[in-house]
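Here is the structure we will look at.
Just so it is clear, the values below take in all heavy atoms, side chains as well, and ignore hydrogens, waters and symmetry mates.
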Amino acid sequence: MSDHATNVATEIFLAHRNLLFTIAYEMLGSAADAEDVLQETWLRWVKADLEQVRDQRAYLVRITTRQALNRLRVLKRRKESYVGPWLPEPLLTTPDVAEDVELAESVSMALMLVLETLSPTERAVFVLREVFDFGYDEIAAAVGKNPAAVRQIAHRARQHVEARRPRETVSSAQTQAALESFRRAFETGDLQVMLDVLAPDVVLVSDGGGVKQAALRPIAGAEKVVRAFSGGLRKAEGALTGELTVVNGNPALLVHLNGELDGVLAIRFEGARIAGLYYVRNPEKLTHITAETSLTLR
């Protein structure tokens, strides 16, 4: 490929890069693997005869989806031996992600955990159809199925997700007040205040990956969650602080112990109460919260 052709290919790829990364990340739940998929996509893209490519965006999405599907099948096997619950890799996201309700929900920890229960092909079809609104013909070309089969897969995946999809609440003054109260309670160890802002059926999921201490199963119920935090606070040797931030388009705390990052605590609200807490402590999953990541549905 000539330098001019390479430059043209590069411009086209960069124009769609955020979209391709978002697709790969939503399919994989791992920013590191999504970056690898984009590298593989690029290597195949620069070898393509661009004069024969009628729809550049669709072509790039097709390559990305196929590479993500291959990697997703490997990840499925890897997760079978993972120590404790597996949570998606958190991303420090740009402000526009939180402002886009549809995008923020699609990359939320809660929904991405639901997507983990789908088969690789179901996940690819659901993401491309329900999140990015691709046509059945485009999806069929990407996943190697005929359009009729894709329609059936999409219907089955949609039903599966809808039955398990958490009901999110958009940010409000009440939500912000509860978030601030939780942060203060977390830092001061005021367990009664913490209990007051938790929904009765709140669930805490923690991911240490066998490297950092974490509960090996989800903890359900406000009192049990408070006891879990109480135990963790007592064991913490030093000062714990929680910095309010936005991760995956949703509220979160960057948890520091003696000034060093200990983990990311993503928070899901229902009404003015906290209904879900997702604590990622595995150091391997904390590499994408030092700089904002741009995501897009288009």
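Counting non-hydrogen atoms of neighbouring residues, nucleotides and ligands closer than 6.0 angstrom, the NZ atom of Lys145 reaches no more than 12 such neighbours.
With rounding to the nearest 0.5 Å, the separation of NZ in Lys224 from CG in Leu204 is 12.5 Å. Note that the CD1 atom of Ile267 and the CD1 atom of Ile274 stand 5.0 Å from one another [nearest 0.5 Å]. Taking CG of Leu265 as the start and CZ of Phe182 as the end, the distance is 5.0 Å to the nearest 0.5 Å. Here Asn70 contributes atom CG and Glu40 contributes atom CD; the two are 8.0 Å apart, rounded to the nearest 0.5 Å. With rounding to the nearest 0.5 Å, the separation of OG1 in Thr121 from CD1 in Ile139 is 12.0 Å. Rounding to the nearest 0.5 Å places CG of Leu103 at 10.0 Å from OG of Ser108.
Side-chain contact between Ile23 and Phe134: present, with at least one pair of heavy atoms (C-beta onward) separated by less than 4.5 Å. Looking at heavy atoms from C-beta onward, Leu91 lies in side-chain contact with Phe21 at the 4.5 angstrom threshold. You'll find the side chain of Val83 reaches within 4.5 Å of the side chain of Leu216, heavy atoms only. Contact check for Leu19 versus Arg298: no side-chain heavy atoms found under the 4.5 Å cut-off. Within the 4.5 Å cutoff, side-chain heavy atoms of Pro90 are placed close to those of Asn248. Taking 4.5 Å as the limit, some side-chain heavy atom of Arg78 sits within range of a side-chain heavy atom of Asp33. Annotation: side chain of Arg268 is not in contact with side chain of Asn250 (no heavy-atom distance under 4.5 Å). Side chains of Leu179 and Gln176 form a contact here, defined as non-hydrogen atoms less than 4.5 Å apart.
In terms of heavy atoms, Tyr25 sits closest to Pro88 at OH-CB, 4.2 Å. In terms of heavy-atom proximity, Pro166 sits nearest to Val114 at CD-CG2, 4.0 Å. Of all heavy-atom pairs between Ala215 and Ser206, the closest is N-OG, 3.0 Å. Ala214 and Gly208 get closest at one heavy-atom pair: CB-N, 3.4 Å. What you find for Glu116 and Trp86 is that their closest heavy atoms are OE2-CZ3, 3.3 Å. Between Phe13 and Leu38, the closest heavy-atom pair is CZ-O, 3.7 Å.
Tyr82 and Asn282 form a side-chain donor-acceptor contact under 3.5 Å, judged by distance and modelled atom types alone. His16 and Gln56 form no side-chain donor-acceptor contact under 3.5 Å, judged by distance and modelled atom types alone. A donor-acceptor pair shorter than 3.5 Å can be found between the side chains of His160 and Arg164.
In this structure, Met109 is not a member of the same hydrophobic cluster as Leu72, with clusters built from ILVMFWY side-chain heavy atoms closer than 4.5 Å. Linking ILVMFWY side-chain heavy atoms closer than 4.5 Å, directly or via other members, places Val143 and Val61 in a single hydrophobic cluster. The hydrophobic clustering, which links ILVMFWY residues whose side-chain heavy atoms are closer than 4.5 Å, places Leu198 and Tyr278 apart. Leu69 and Val74 are not part of a single hydrophobic cluster, where members link through side-chain heavy atoms under 4.5 Å apart. Under the 4.5 Å side-chain contact rule for hydrophobic residues, Tyr279 and Leu254 do not share a cluster.
The backbone N or O of Val226 sits nowhere less than 3.5 Å from a side-chain atom of Ser230 that would complete a donor-acceptor pair. Side-chain atoms of Arg123 do not come within 3.5 Å of backbone N or O of Leu118 as any donor-acceptor pair. Of the possible polar contacts, one joining the Glu187 side chain to the Gly242 backbone as a donor-acceptor pair under 3.5 Å is found. A donor-acceptor contact shorter than 3.5 Å is absent between the side chain of Ser30 and the backbone of Glu89.
Evaluation of the salt bridge (charged side-chain N to carboxylate O under 4.0 Å, His left out) test over residues 282-296, restricted to residues two or more places apart or in two chains, returns Asp207-Lys285.
Look at Glu180 and Arg184 and you find a salt bridge, because one of the NZ, NE, NH1 or NH2 atoms lies within 4.0 Å of a carboxylate O, short of that distance. Under 4.0 Å is where a charged nitrogen must lie from a carboxylate oxygen, and between Glu35 and Arg17 at least one such pair does. Taking the charged nitrogens against the carboxylate oxygens, Glu80 and Lys76 have no contact shorter than 4.0 Å, which rules out a salt bridge. Salt bridge Arg62/Glu138: absent, no basic N to carboxylate O contact under 4.0 Å. A salt bridge links Arg165 with Glu162: at least one charged nitrogen is closer than 4.0 Å to a carboxylate oxygen.
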So Val280 and Val247, side-chain contact (heavy atoms from CB on, under 4.5 Å) or not? Walk me through it.
-> CA-CA 11 Å; Val280 181; Val247 166; over 6 Å; no
Does the side-chain contact (heavy atoms from CB on, under 4.5 Å) test come out yes or no for Glu130 and Val161, once each step is laid out?
-> CA-CA 10 Å; Glu130 299 299 320; Val161 172; over 6 Å; no
Starting from the C-alpha separation in whole Å, work towards a yes-or-no answer on side-chain contact (heavy atoms from CB on, under 4.5 Å) for Val97 and Val246.
-> CA-CA 9 Å; Val97 176; Val246 177; over 6 Å; no
Before giving the answer on side-chain contact (heavy atoms from CB on, under 4.5 Å), spell out for His288 and Leu92 the whole-Å C-alpha distance, their side-chain angles and the decisive distance to 0.1 Å.
-> CA-CA 7 Å; His288 280 75; Leu92 188 67; over 6 Å; no
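Shown are Leu295, Thr93, Asp100; of these, the side chain to side chain contact (heavy atoms under 4.5 Å, CB included) with Val107 is made only by Leu295.
With sequence neighbours left out, the side-chain hydrogen bond (donor to acceptor under 3.5 Å, both in side chains) criterion links Gln192 to Asp196.
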